[in-house]
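Report on the structure given below.
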Amino acid sequence: MKGNEAVAEGAIRAGCKGFFGYPITPSSEIAEYMARKYPKIGGIFLQAESELAAINMVYGGAATGVRVMTASSGPGISLKQEGISFIAEAELPCLIVNISRGGPGLGGIQPAQSDYFQATRGGGHGDYHIIVLAPASVQEMMDFAIDAFELADKYRIPVMIMAEGTLGQMMEPVIPRKMVTEFVDKPWATTGCRGRQPNIINTLHLTPESLEKRNIHLFSKYAEIKAKESRAETFLLDDAELVVVAFGLMARVVKKAIMEVRRKGVKAGLIRPITLWPFPEEYIKRTIKTAKIFLSVEINMGQMLEDIKLVVNGEVPVDFYGRIGVNPNPEEIAEQLLRVAEREGI
Amino acid sequence: MAEEKQVLFAGFGGQGVLAMGKFLSHAALNTGKNVAWVPSYGAEMRGGTANCLVTIADEEISSPLTENPTMAVIMNRPSLDKFEDKIKKNGTLVVNSSLVNRLPERDDLKILEMPVNEIAEKLGNTRGANMILLGAYMEKTGVVDVEDALKYFDVIFADKKERIKQLNREAFMTGVQYARQNW
């Protein structure tokens, strides 16, 4: 399966009943997959007239309590930000998939991780966060689609899956996950109010008190998510002096490079953030004592780097290696690791 | 950890290089291997270049990407020019000599040449050129056992018409025979 197909199939297995989107390379196979599948299994596929329309359809769909999603890539995700801000404020669950490419502007269609800031800082206007998951394999594209809907419903929050274009385009074998059959109650959903008080979903707060109260409420929820849902994978970290931090497919490339430099005696290890927001701070914190240096490897000009620096807080150096529009290969990363190791006397 | 095998398929768009990689991936998958297939994707046009990288391993695949594959199957001249230097030392280079009018320059590589287009024309199946070279390549290198590949042929081509299946099988076997006699 292609990564794009796996994330779409994962969403279907999570009980997602509506896909609203507008095609863009390298994410379009997600829409194509839904367009083929939904007529047969019951569900709504709709190619909207624009990204803005698509995200507002997601807003509307989510308000009715149905699991819904959209997918796009960099420039399209930017267009959806207004809607994402509204959905976050309205506390509606949904899935947004960003099969990311290089920017800014139209950029290119090559793989990138340069939407990290946009994804982890909310992305649209106002004070908010969304949960961001970064898969590293085609299997995880499917698994995380299911996890995403569970998290979204549990916390009433939009969840984004962000993957490099390469991961959307490549094929790997996938073990299909079971169909999700148990769903949480959504007493807040606008499902027709016969026999009960109407539910209102609205994002406008004209009095300062109510707006502040609202934001405090959102941030207490974010604190809970931070405490309970931060996820990361570690690799050869126990004795690591050179601690590489990388996410997505990039983390797998780094793993191979680490195995390579370990053969030359360099004590390197990996922290792979799985949730980009909440950033898995504890994993970094626990490593500060043993690490001589952290190295962030990203396909951008250095974005996650800032989150690492915030946690490390000057206690050890934090270095960066990045490319744009190309997935660096293991050989290239290994060379960088050796360079850093030699410089730092590791 | 056993070595991961990485094979690059490269040629013109339309020569079926992505399909070659997919066939090999499916064949390897059916024999219980871990596989990853990564296409070069870009603003490709008809007649432009295309390539894909297949990684096969017994264990979990660490990186599905590499700059230096152990093997390359080259379907045209621009691909040879682009990738010859990148193949791993002492690697294997399989070349379609019908469309590559020069010899590889490196002397550490194991070179396997085959005039694929001529053979395909003789067979009366010009579109089967990719399967011919794939058959020869698999027979010679044993990356996936030819018998296993044949066993899963119908599974791999499950969505194709019987006649197409037959043509592909014939092309594949022509390549296998060629490798047995010439390589």
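Every chain is numbered from 1, with letters handed out A, B, ... down the list of sequences.
Residues Lys255(A) and Ser63(B) have side chains not in contact (no heavy-atom distance under 4.5 Å, counting atoms from C-beta outward).
Rounded to the nearest 0.5 Å, atoms NZ (Lys256(A)) and CG (Leu65(B)) are 9.5 Å apart.
Enclosure of atom CZ in Arg127(B) is not indicated, since only 12 or fewer non-hydrogen atoms of other residues, nucleotides or ligands lie within 6.0 angstrom. A 6.0 Å sphere centred on CD1 of Ile41(A) holds more than 12 heavy atoms belonging to other residues, nucleotides or ligands. For Gln181(B), the CD atom sits in a packed shell: over 12 heavy atoms of surrounding residues, nucleotides or ligands are nearer than 6.0 Å. Within 6.0 Å of the CZ atom in Phe23(B), the count of heavy atoms belonging to other residues, nucleotides or ligands exceeds 12.
Neither the backbone nor the side chain of Leu167(A) comes within contact range of chain B, judged by heavy atoms closer than 4.5 Å. Ile61(B) touches chain A through backbone and side chain together, each having a heavy atom under 4.5 Å away.
Across Cys52(B), Gly21(B), Ser25(B), Ala36(B), the residue that shares the most heavy-atom pairs under 4.5 angstrom with chain A is Ala36(B).
Pro173(A) and Val35(B) make their closest contact through CD-O, 3.0 Å (heavy atoms, listed as atom of the first residue, atom of the second, distance). Minimum heavy-atom separation, Pro39(B) to Met170(A): CD-CA, 3.9 Å.
In this structure, the side chain to side chain donor-acceptor pair (under 3.5 Å) partners of Asp239(A), at least two apart in sequence or on a different chain, are Arg262(A).
Annotation: residues 326-334 of chain A contacts chain B through Asn327(A), Pro328(A), Asn329(A), Pro330(A), Glu331(A) [non-hydrogen atoms, separation under 4.5 Å].
For the side chain to side chain contact (heavy atoms under 4.5 Å, CB included) with Trp37(B), the qualifying choice from Lys2(A), Gln169(A), Glu172(A) is Lys2(A), the only one to do so.
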